[in-house]
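Note that ligands are numbered from 1 as they come in the structure, with each ligand's atoms numbered from 1 the same way.
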Amino acid sequence: MIDTLPPLRDVIRAHDLRAKKSFGQNFLLDLNLTARIARSAGDLREVDVLEVGPGPGGLTRGLLASGARRVLAIEKDARCLPALAEIEAAYPGRLQVIEGDALTIDPLKYLQAPVRVVANLPYNIGTELLIRWMTPATWPPFWESLTLMFQREVAERIVARPGTKAYGRLALMVQWRADAQIVLGLPPEAFTPAPKVSSAVVHIRRLESPRYPADAAILERVIAAGFNQRRKMLRAALRSVHPQIEDKLLAANIAPTARAEEIDLARWCALSEVLQP
Ligand code: SAM
């Protein structure tokens, strides 16, 4: 056992926490597994952790048991608060729970650097939160690393390499400013209730500055245009980006007949540099 609190099945029964689809609830009840996910975020002893969607608190308990300095947990479903209050009592001063929507709450005023984010996210907001965390107004962001559960297919898009079907905007947006790897795969049965698809935990570690120089807005625009028509040659897919796009592609050492999927991060950044006005 990782702590002396009751098993999660008992917690769920005692507080009548039947999972609701509307909240994207698929709970992890195996505390050895949640402790393992917590460990994949590294040594948390001198770290504040932001957790989105603690639910009945399986991962929260994993984080606290593995020594996190503090955990700030944001939970939208008020039914979970009494169960989380029991965890707060078992770890005095180390857990703060905020009831609300992680998409609208600004957690920064509650956190002290260094901060890491660890979460078994509701699938319906996972990608949106990832994009927000990867695209702050200034870099480096408030977090050192993100350790996040995604549907396996989304996890594969985050770590994808050029020349693969999964390669696209998500891979480039993350890999431009961070190292990303899949650290754990989970079958549907690891969750209660079991979702239809497999899941994976992705660990994303920020770089102190982007891997290659580029203007974030231009890079985003050119990648979006390229992958929106990923089967087309770039000279056609990027026509709307610049009137002399063939010259710009050649200046960035990219064949105008190439397709978005074949172009690595270094060359997307080079292209966005030659497109600077
Ligand atoms: N962390 C728990 C675990 O691993 O068992 C629960 C994970 S469950 C996939 C997602 C959790 O996020 C649920 O507890 C749900 O109520 C919560 N949630 C859903 N939408 C949310 C939002 N917009 N803001 C904060 N929490 C949310």
Near E51 (heavy-atom distance under 4.0 Å), the atoms of ligand 1 are 1 (N)
Check each atom of ligand 1 against the heavy atoms of I125 and keep those under 4.0 Å away; list them by number with element. 22 (C), 23 (N)
Give yes or no for whether the N/O distance cutoff of 3.5 Å, strictly under, is met between G53 and ligand 1. yes
Consider every N or O of N26 and every N or O of ligand 1, then say whether any pair is closer than 3.5 Å. no
Just which atoms of ligand 1 are under 4.0 Å from any heavy atom in D77? 16 (O)
Considering only non-hydrogen protein atoms, determine which one is nearest to atom 16 (O) of ligand 1 and report residue, atom name and distance to 0.1 Å. E75 OE2, 2.6 Å
Could you find the nearest protein heavy atom to atom 23 (N) of ligand 1 and give me its residue, atom name and distance? D101 OD1, 2.8 Å
among protein heavy atoms, the one nearest atom 5 (O) of ligand 1 is L28 N, 2.8 Å
Applying the side chain to side chain contact (heavy atoms under 4.5 Å, CB included) criterion to V118, which one of L146, V47, L59 satisfies it? L59
What is the ring orientation for F227 with W268, classed by angle as parallel under 30°, tilted 30 to 60°, or perpendicular over 60°? tilted
Among all protein heavy atoms, pick out the one at the shortest distance from atom 20 (N) of ligand 1; state its residue, atom name and that distance to 0.1 Å. P122 CG, 3.6 Å
Check whether any side-chain heavy atom of N120 lies under 4.5 Å from a side-chain heavy atom of N26, and answer yes or no. no
Using a strict 4.0 Å cut-off to heavy atoms of G100, name the atoms of ligand 1 that fall inside it. 24 (N), 25 (C)
Tell me, which protein residue and heavy-atom name are nearest atom 26 (N) of ligand 1, and how many Å apart are they? K76 N, 3.4 Å
Check each atom of ligand 1 against the heavy atoms of G24 and keep those under 4.0 Å away; list them by number with element. 8 (S), 9 (C), 10 (C)
Taking only non-hydrogen atoms of P54, do any sit less than 4.0 angstrom from ligand 1? yes
